[in-house]
Structure formats: C-alpha cells, structure tokens
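Numbering of ligands and ligand atoms starts at 1, following listing order.
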Amino acid sequence: MTLQVSKNVTAVGKVDAPIFDPRAFRLSDEQAAIITRARELGQAVFAGRAAAFDRDATFPTENYRDLHRAGLLGISIPKKHGGLGAGYQTYALAAAEIGRYCGATALTWNMHVCSTLWSGPLADDLDMDTRTRAEHELRRAVHYKRIVDEGAIYSQPFSEGGAAAAGGVAFGTEAKPVDGGWIVNGKKIFASLAGHADYYGVLCTETAEGEKASRRNTLYLAIPAKTEGVSVVGDWDPLGMRGTVSRTLLFKDVFVPEDAALMPRGVYFQAAQRWPHMFLTLSPTYMGLAQAAYDFTVRYLRGEVPGTPPVKRRMYPTKQIAVAQMQIKLEQIKAIWFQAVTEACANPSKEQVLRAYAAQYSVMEGANELAALAIRTCGGQSMLKSLPLERIYRDSRCGSLMLPWTAELCLDRIGREALYEPGETDE
Ligand SMILES: Cc1cc2nc3c(=O)[nH]c(=O)nc-3n(C[C@H](O)[C@H](O)[C@H](O)COP(=O)(O)OP(=O)(O)OC[C@H]3O[C@@H](n4cnc5c(N)ncnc54)[C@H](O)[C@@H]3O)c2cc1C
C-alpha cells in the first residue's frame, strides 16, 4: 500500500534535499526510499496543513490517513507482518523529515511508531524464555494487523505529573490482576492523541492485593479507546505542539484482557535498563524542526518564501554571519544525533549512553536556539502567523520538556554518570 506523492511535490515548487544525504551518510537504497517517501509526503501534503492544526489545536487526522495509505503507519512493523520493516535508524531519519514540515504530526507519529518499534525489533533484543517469546509473537501480530489493515493508531500515555515518567518511581496507574487480565485505574496527563488514538499504550504497575508498587512490575498495555471506564478530560491550549491534542486520560475500573499486553511481564523494565535509546525517539521531530528553521532562513534571505515579496536580504554581512552560525550549529546537531541514532542497540557502552543524552540535549535545546536565531536574523515580518517560522519556534520550545530525558535530566545524568562508576560513592 503506497502513495505516489512525487508529482504533487514538483507541482508546488522545488523538492527539498534530504536532511541526511543517503550517499554522504551511507544509507542503503531501501532506507533512502522509505525516508524519501516521508519527506515527499511531508513537503507536498503536511506542510500545507500544519498551520490549521496548530491554529485550532486539532489533531492531524487527515495526515494519519495519508500515513496509512503511504504504508508509514507500519514503518517499523516487520515485513512478514505487512510493514516496511524499518529499524531504529531508518525510522528516526524518516521522522526527522516529517518533523521538518509538521512538528505535531511527527511527535504523535513517534508515539504510534514506538508502540511497534518497542514491541518489535527492540523486544527481539531482550531476554524472554521460549514460551513467552512465542506468546509475544502471537500478540504483537494482532496489533500489527490492525495497524496495517485498518490504519489503527496507537499512543503512549506515560506521564502522570509525578516522578514516574522520569523513571524515579513506579507508575501510579495500577493494574490489579483478575481472571483473564487486569482492572486498570489511574490518570495520565499530556496524553498526546487523546480522543484520536484507537489504542492507548499505557504504562502501569501490576500490583496484587497488599503488594508494594515496584518499577519491575511495569506493564505496557494497549487499551482500546472505546473501552468502558476510559475517558478524556480537560482542554489543550498550549504554547506549541498544539496539534498533538495532549489532553488528560482517565481510567476507572477498566478491564483489560491479557492479550492487550504490548510487552510481556518484566520486559518493559528490562528494556528501560538495557535499551536506553528507546527514550531518544522523541528527538527526531526536533531534528526536523532544527532543519526547518535553517531552511526557512536561507529561503527568506534569498527572497524565496512563498507568500512574501521577493525582497532579498542576503547581501548584508551580518545576515551571512548569522546563516554561517546556524549552519555550523545545524551540522553539529546532525553529526551527534546521526551517530546516536545509528548506534542505538541493546546493552550500549557507557560512552554510547552518554552520547545519547548529549544528542538528545543538543537537538532539543538546539532546535529552539536555531528557531530563535532564525527570527532574529529574518526580522519582524518573519514571525507573522502567516509564515511557518513562529510555529517552528513555539513547537521547538517543547522538546527539552519531554520526559524522561528533559534537557535538565540529560545534564544531570551526563554529569553524574561521567564522574561516578555504578555503585561508587564518596563515603
Ligand atoms: C507537546 C507535548 C506532548 C507530550 N506528549 C506526551 C505523551 O504523549 N505521553 C506522555 O507520557 N507524555 C507526554 N508529554 C509529557 C512530557 O513528557 C512531560 O511528562 C511533561 O512535559 C511533564 O511536565 P511536568 O511539568 O509534569 O514535569 P515534572 O516532572 O514536574 O518536571 C518539571 C521539570 O523538572 C525537572 N525534573 C523532573 N524530575 C527531575 C529529577 N528527578 N531530577 C532533576 N530534575 C527533574 C525536569 O527537567 C522537568 O522539565 C508531552 C509533553 C508535551 C510538551
């Protein structure tokens, strides 16, 4: 199931070059084809719709239909299940291309894709006994079929407003074991795709009567949105990423059958310990926004932004220096981020983990720095709401707030883990 978009792109103007040139970054033809598909869809279709989703804080439903038609809802679903079979790096590069044109679509698509990436290639790297693995294989096939055949959309509501999303304590959302499944009770805040996903991939803690909540007992359950006891409350009127519709989700005595598990018991906890790059997957969106801020600036100074008078501003030395600084910053971000998404694996070395934090920090802070520099360089007219730059500025402000790897927590961890080996103290 694919969508031909190349013709549309050429009809509206110049086709953007990829953020990561396949030859320079040594990507295979198959990878390049998937990433191109994302870029073309982003430029030809999503870019034009982004302003309305942002203005009205509405979910990009039409974009999801197009992602389904293009096969991209199943980008990381194994080929034998009808997906494109993309690994971590390919997904990250494709998501950056989507983020370049619509931040909210890329960020929510990330929540959806991670449901398949974590239950798929990532879970394959983790320890499970033969029976558990066979059971997991059967269960994930059901999720994959829904996505590929019906265009089902999954989300990842983890945040609760306490220390759980940062990995500090067990999730407060509880799953009490009962015959054939669990009864789930709890609340998730900032639940992107709330009211729009078909399944909420909820992290909760399995707690039997009288048992103390433990992070080891984290469950990852796909709860159908229409289940009795599930409700969406509150409004969503934030600074940026308005199209994510990240409202509050409530679960009141929700029965969830055993086969709703996206990962078997204990596997999410194992993943969080052994596959830390799973938390770097929010960064591709912001890699794309960083590129978008740069692209806009070059076009604006050349007098080539559609809808603006063809006034050139590129001849001023101050503008040239600003663009040079932006280009250097962008290449620095690209380099560390590409390295980090390329080396994502189970049991990474300490150096690789520190680099992943550094990449997350660089992208999340860097995207907003580039957007701010772009506004300063292009000037007052560039921040009008009729142009995409002010949205890029607002959307990029949200990146460093995303748990569990906020900019502050990345700094915290890099400093501590660089100075202390596991178990070391100053006593
Ligand atoms: C646009 C958008 C979409 C989102 N979508 C989702 C989603 O789909 N699913 C989801 O689960 N969440 C989502 N989130 C939530 C996000 O991951 C955070 O959970 C949310 O921003 C938390 O805000 P908070 O103020 O409650 O954080 P708090 O936990 O109150 O933290 C406030 C700040 O304190 C710092 N901090 C926190 N813990 C520590 C610590 N232990 N040590 C030192 N510093 C610490 C952090 O830097 C953090 O920025 C989204 C957020 C945004 C902005």
Looking at atom 49 (O) of ligand 1, what's its closest protein heavy atom, distance included? Thr406 CG2, 3.6 Å

Working note: Asn217 + Thr207, criterion side-chain contact (heavy atoms from CB on, under 4.5 Å); need CA distance, chi angles, decisive distance, verdict. CA-CA 8 Å; Asn217 297 332; Thr207 30; over 6 Å; no

When you look at Glu343 and Arg355, which way does the salt bridge (charged side-chain N to carboxylate O under 4.0 Å, His left out) test go after all the steps? CA-CA 10 Å; Glu343 65 191 2; Arg355 188 160 37 246; 2.7 Å; yes

List the steps and the verdict of salt bridge (charged side-chain N to carboxylate O under 4.0 Å, His left out) for Lys188 and Glu160. CA-CA 5 Å; Lys188 297 288 181 183; Glu160 297 178 339; 2.8 Å; yes

Do you see a protein non-hydrogen atom under 4.0 Å from atom 21 (O) of ligand 1? yes

List in chain and number order the residues that pass side-chain hydrogen bond (donor to acceptor under 3.5 Å, both in side chains) with Tyr200, two or more places apart in sequence or in another chain; answer none if no residue qualifies. none

Phe190 and Trp236 aromatic ring geometry - parallel, tilted or perpendicular at 30°/60° bounds: perpendicular

When you look for heavy atoms under 4.0 Å from ligand 1, do you find them on the side chain of Gln156, its backbone, both, or neither? backbone

Would you please determine whether Ala165 falls within less than 4.0 Å of ligand 1 on a heavy-atom basis? no

Check the orientation of Trp118 and Phe158. Use parallel for under 30°, tilted for 30 to 60°, and perpendicular for over 60°. tilted

For Asp412, counting its heavy atoms only, list the atoms of ligand 1 lying under 4.0 Å from any of them. 42 (N), 43 (C)

Quick one: does atom 11 (O) of ligand 1 have a protein heavy atom under 4.0 Å from it? yes

The answer for which part of Met402 has a heavy atom under 4.0 Å from ligand 1 is both

Ser159, Pro157, Ala163: member with heavy atom nearest to atom 19 (O) of ligand 1: Ser159

Specify whether the nearest protein heavy atom to atom 24 (P) of ligand 1 is under 4.0 angstrom away. no

Tyr154 ring center within less than 6.0 Å of Trp109 ring center: no

Using protein heavy atoms only, decide if any is under 4.0 Å from atom 32 (C) of ligand 1. no

Show the atoms of ligand 1 that are less than 4.0 angstrom away from any heavy atom in Phe158. 9 (N), 10 (C), 11 (O)

Can you find a heavy atom in the side chain of His143 that is under 4.5 Å from one in the side chain of Leu262? yes

Min over Thr285, Leu409, Leu403 of heavy-atom distance to atom 40 (C) of ligand 1 lands on Leu409

With sequence neighbours excluded, what pairs up with Asp253 under the side-chain contact (heavy atoms from CB on, under 4.5 Å) test? Ile183, Asn185

Give a yes or no on whether a salt bridge exists between Lys385 and Asp54, defined as a side-chain N under 4.0 angstrom from a carboxylate O. no

Heavy-atom proximity to atom 3 (C) of ligand 1 ranks first, among Gly240, Ser400, Ser192, Cys410, for Ser192

Counting from 1 in the order shown, the ligand 1 atoms closer than 4.0 Å to a non-hydrogen atom of Met241 are 1 (C)

The closest protein heavy-atom partner of atom 30 (O) of ligand 1 is Gly161 O, 4.8 Å

State whether Glu30 and Lys79 are salt-bridged, where the test is any N-O pair (Lys NZ or Arg NE/NH1/NH2 against Asp/Glu carboxylate O) under 4.0 Å. yes

Between Glu408 and ligand 1, is there a nitrogen or oxygen pair with a distance under 3.5 Å? yes

closest protein heavy atom to atom 13 (C) of ligand 1 is Phe190 O, 3.0 Å

